[in-house]
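Chain identifiers are assigned alphabetically (A, B, ...) following the order of the sequence lines, protein sequences preceding nucleic acid strands; residue numbering begins at 1 within each chain.
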Amino acid sequence: MTYAVGDELPPFIIDHVDPEAMKEWAIFLADPNQIHLDVEFVKAKGLGDRVINQGPINIAYMMNCLLSAFPGGQIANMTSRFLDNVYGGERIVAKATVDAIEGGKVTCSVRLDSEDRGMVNSATATIVLPPSQSSATSAEQVGNQTPNNPLSWLTWLLYPKA
Amino acid sequence: MPDMDVLPPPPEVAGLRLDGTDAYVISAQENDALCRSTGIAPADDGTAHPIYYYVATQVAMGKTVAGLCAACDFDVDDGPMMGSSEVRFSTPLRTGLPYTVSGEVLSLERKRSRKLGVMDVLTYRLRLHGPEGGAALETDNVWVLPRRELA
């Protein structure tokens, strides 16, 4: 897909935030905080009735949206803000929009939405493209697949190698 | 609710070193499990998932999460919350390499929030160094420590 400034990247969807994954992350992070592991602890703390996803997992979902859109790309920098919790069992969608393309780098605005509660994380990130994709940046289009907005589709259909 | 002028100051922790002592190695096996737990397959070129910027620095810094909270006179069971996290990579992270961490607390500020009442905002910076010694990345994290006892 070829992307231009203003395009939305394909969403990265987590159909079911898995409490079992939180147990794995407690080990990865060496942080056995019970709000991620024990519903009764969460209730006792008055924080709801579902276990709470570790914050770095939410960043990883947003990173996955970017990495999936730009295979072989590397994240150069990323700033993430935590607006609300993500809970076990929720359906979560990471979305991103291309803000700028310059010098083999793409800058995107990213957000993570709970299907039920709206935006829970936001971020900005810059991705360094692999040489196979960065050669297109002079035309302010990057990527290796098909576009995903009507104007880009029209351009792609008329000039598929542009 | 006490006036801001009469709130006690937060602990003076700015400058506290967070240097780690042990090397951290991202194992290919753990990277595989971590990637799959987030819904993607691991890269096949030896690079690790970039979220290891957070995982590796937290695990290999000189304090545990509970220990860092304790240094701020905060009980980890009172629920520290992530406020923001910024990372600047110099090189991609790779599996199988030994990384070490250096870092420090930048600030601890006491603030009042409409939603949380009184809270301390902790900002700390960590660097992850590769086997050659250069920094592979630098990250600034902000945690919110609710001070319900001061609300």
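Expressed to the nearest 0.5 Å, how far CD of B:Glu30 lies from CZ of A:Phe28 amounts to 5.0 Å. For the atom pair B:Ile40 CD1 and A:Cys65 SG, the distance stands at 11.0 Å (nearest 0.5 Å). One finds the OG atom of B:Ser85 at 11.5 Å from the CG atom of A:Asn58 (value rounded to the nearest 0.5 Å).
By the criterion of side-chain heavy atoms lying less than 4.5 angstrom apart, applied directly or through intervening Ile, Leu, Val, Met, Phe, Trp or Tyr residues, B:Val76 is grouped together with B:Met61 in one hydrophobic cluster. B:Val87 and B:Leu128 end up in the same hydrophobic cluster when Ile, Leu, Val, Met, Phe, Trp and Tyr side chains are linked at under 4.5 Å. Hydrophobic clustering (side-chain heavy atoms under 4.5 Å, transitive across Ile, Leu, Val, Met, Phe, Trp, Tyr) keeps B:Val121 apart from B:Val105. Criterion: ILVMFWY side-chain heavy atoms under 4.5 Å apart, direct or through other members. Under it, B:Leu16 and B:Leu108 are part of a common hydrophobic cluster. Hydrophobic cluster membership differs between B:Leu122 and B:Leu116, with clusters built from Ile, Leu, Val, Met, Phe, Trp and Tyr side chains linked at under 4.5 angstrom.
Proximity to chain B (any heavy atom under 4.5 Å) is restricted, for A:Ile14, to the side chain, taken from C-beta onward. Residue contact with chain B, scored on non-hydrogen atoms closer than 4.5 Å, involves the backbone of A:Ala76 exclusively. Both the backbone and the side chain of B:Val55 come within contact range of chain A, each with at least one heavy atom under 4.5 Å from a heavy atom of that chain. In this structure, chain A has no heavy atom under 4.5 Å from any part of B:Thr139. Contacts of A:Leu67 with chain B are made by side-chain atoms alone, with heavy-atom separations under 4.5 Å and no backbone atom involved. In this structure, chain A has no heavy atom under 4.5 Å from any part of B:Thr64. The contact between B:Asp77 and chain A is made by backbone and side chain atoms together, counting heavy-atom distances below 4.5 Å. For A:Tyr61, the part sitting under 4.5 Å from any heavy atom of chain B is the side chain, from C-beta outward, and nothing else. Heavy-atom distances place the side chain of B:Tyr53, and not its backbone, under 4.5 Å from chain A.
Taking every heavy atom of both residues into account, A:Ile59 and B:Met82 meet most closely at CD1-CE, 4.5 Å. The minimum heavy-atom distance linking B:Leu34 with A:Trp25 is given by the pair CG-CZ2, 3.6 Å.
Of the residues considered (A:Pro56, A:Ala21, A:Gly55, A:Ala30), A:Pro56 shows the highest number of contacts with chain B, using heavy-atom pairs under 4.5 Å. Top candidate by heavy-atom pairs under 4.5 Å with chain B, chosen from A:Met22, A:Glu24, A:Gln34, A:Lys45, is A:Lys45. Heavy-atom pairs under 4.5 Å with chain B peak, among A:Met78, A:Gln74, A:Gln54, at A:Met78.
At least one side-chain heavy atom of A:Leu29 sits under 4.5 Å from a side-chain heavy atom of B:Tyr54. The shortest side-chain heavy-atom distance between A:Asp31 and B:Gln58 falls under the 4.5 Å cut-off. A heavy-atom distance below 4.5 Å is not found between the side chains of B:Phe89 and A:Asn77.
Under the 3.5 Å distance criterion, the side-chain polar atoms of A:Asp18 are left unmatched by any main-chain donor or acceptor of B:Ser37.
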CA sep, side-chain torsions, deciding dist, call: B:Thr38, A:Met63, side chain to side chain contact (heavy atoms under 4.5 Å, CB included): CA-CA 10 Å; B:Thr38 68; A:Met63 288 175 157; over 6 Å; no
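The neighbour count for B:Glu149 CD, taken as heavy atoms of other residues, nucleotides or ligands under 6.0 Å away, is above 12.
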